[in-house]
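One structure is given below, encoded as structure tokens.
All values reported here derive from a predicted model rather than from experimental measurement.
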Amino acid sequence: MNISGSLFFMWKIKMNEKRETVTENINIFKRILKGLKVLINSRILLSISISTAILNFCRTAFETIYILYIVRNVGMHASQIGLIYGLGSIGGIIGAYFSEFISKKMGIGISIIGATVLIGVGGIVVFTPYFHSKTIALILLTLGQMLSGFGNMLYFVSQVSLRQAITPLKILGSVNASNRFITRGAMPLGGVIGGVLGSYLGLKMSLFIFAAGFFLSTVILCITSIYKIRSLNMNLNL
């Protein structure tokens with residue numbers, strides 16, 4: 001079903017691409033280094049990569065111990081956890097649907113920064129369900145998932161669009177590879193550290209550290225003044 005859906009939407013893309021004839025020998029290591037050099041030398045690309053690496057690290061670490069926390073500390077059962085994730089995923093769907101509208105209305109730079117704030121708030125909400133009512137706890141945990149899902153989708157749609165818009169097509173593949181190496185490489189590290197800190201510092205304290213860590217990506221983006229970028233049509237220098 002997923003393959004059929006992907007093929008359908010790819011078929012609907014109306015774009016003629018010219019295929020370049022490659023006459024020189026391609027040295028894969030040179031292309032890797034070239035993409036990494038372009039990424040490091042670009043204030044925008046580098047800040048996006050560092051921000052995404054922080055988000056991936058903290059999210060993986062957070063999710064490593066999140067289930068244990070809401071089971072042991074909050075007292076959620078399997079059906080309630082399913083409800084939290086099921087309803088929470090609606091936030092991601094809404095974020096994907098409205099990402100273009102929000103970017104055009106607020107500016108793509110503000111959208112990216114605002115998305116990181118929503119992700120952080122979604123993580124912090126986890127620490128509010130200490131009420132006598134399980135219903136309130138369930139509502140707040142679901143709200144946290146929805147905010148994080150909305151923020152995640154808005155962030156990744158916006159930052160990928162910006163990255164692809166400002167990177168020359170000829171080196172886009174190399175830059176994307178370098179970006180993925182940095183951002184995805186943070187995920188296994190986050191999983192290990194999340195488990196270790198959860199064991200030694202406790203679940204609640206560890207989750208708080210990683211939830212607060214989401215906002216570090218906001219700081220990185222603000223320092224590099226990405227909020228000044230209004231649209232993909234601006235004249236942006238790498």
inquiry  = Could you check whether any side-chain N or O of Ser99 sits under 3.5 Å from a backbone N or O of Ala96, counting only pairs where one atom can act as donor and the other as acceptor?
reply    = yes
### Task
Keeping the roles fixed (side chain from Lys134, backbone from Gly75), state whether a donor-acceptor pair exists under 3.5 Å.
yes
Query raised in the report: Aromatic rings Tyr85 and Tyr66: how do their planes relate, parallel, tilted or perpendicular, breaks at 30° and 60°?
Result: perpendicular
Rounded to the nearest 0.5 Å, the CG atom of Leu216 sits from the CD1 atom of Ile50 at a distance of 9.5 Å
| Asn152 side-chain N/O to Ser148 backbone N/O, donor-acceptor pair under 3.5 Å | yes
Whether Thr116 side chain and Ile113 backbone form a donor-acceptor pair below 3.5 Å: yes
So CD1 of Ile102 and CD1 of Ile94: to nearest 0.5 Å the spacing works out to 10.0 Å
*Is the shortest heavy-atom distance from the side chain of Ser206 to the side chain of Phe208 under 4.5 Å?*
no
Between Leu39 and Val175, the two heavy atoms sitting closest are CD1-O, 3.9 Å
Strictly distance-based, threshold 3.5 Å: is any side-chain N or O of Ser47 a donor or acceptor partner for the main-chain N or O of Ile44? yes
Query - Polar contact flag, side-chain donor to acceptor under 3.5 angstrom, Ser51-Tyr155 - result: yes
Does Ser161 offer a backbone N or O that forms a donor-acceptor pair with the side chain of Gln164 under 3.5 Å? no
In short, Ala211 meets Phe62 closest at the heavy-atom pair CB-CE1, 4.0 Å
Shortest non-hydrogen pair, Ile65 vs Gly194, comes out as CG2-O, 3.6 Å
So do the side chains of Phe214 and Ile124 get within less than 4.5 Å of each other, counting heavy atoms only?
no
**Asked** Relative to the ring of Phe101, is the ring of Phe98 parallel (under 30°), tilted (30 to 60°) or perpendicular (over 60°)?
**Response** perpendicular
Treating Ser178 as the side-chain partner and Leu36 as the backbone partner, does any N or O pair qualify as donor plus acceptor under 3.5 Å?
yes
Does Ser42 use its side chain to pair, donor to acceptor, with the backbone of Val38 at less than 3.5 Å?
-> no
When every non-hydrogen atom of Leu45 is compared with those of Arg163, the smallest separation belongs to CD2-CG, 3.7 Å
| query | Under 6.0 Å from the CZ atom of Phe181, do we count more than 12 heavy atoms belonging to anything else shown? | reply | no
- Main-chain N/O of Thr183 paired with Asn56 side-chain donor or acceptor, under 3.5 Å: yes
If hydrophobic clusters are built from ILVMFWY residues whose side chains come within less than 4.5 Å, do Met153 and Val125 share one? no
Value for CD1 (Ile90) from CD (Gln145), rounded to nearest 0.5 Å, stands at 12.0 Å
Q.
Keeping Ser158 on the side-chain end and Ser111 on the backbone end, is there a donor-acceptor pair under 3.5 Å?
A. no
For Leu118 and Gly151, the nearest pair of non-hydrogen atoms, with its separation, is CB-CA, 4.1 Å
| request: Please indicate whether Met187 has more than 12 foreign heavy atoms, meaning atoms of other residues, nucleotides or ligands, lying under 6.0 Å from its CE. | output: yes
One should read off an interatomic distance between Ile110 CD1 and Leu221 CG, to the nearest 0.5 angstrom, of 10.5 Å
Rounded to the nearest 0.5 angstrom, the OG-CD1 distance for Ser89 and Ile84 is 12.5 Å
Residues Ser217 and Leu55: closest non-hydrogen pair is OG-CD2, 3.3 Å
- Message: If you apply the rule side-chain hydrogen bond (donor to acceptor under 3.5 Å, both in side chains), what do you find for Asn179 with Arg184, and how did you get there?
- Response: CA-CA 8 Å; Asn179 173 270; Arg184 301 297 175 90; over 6 Å; no
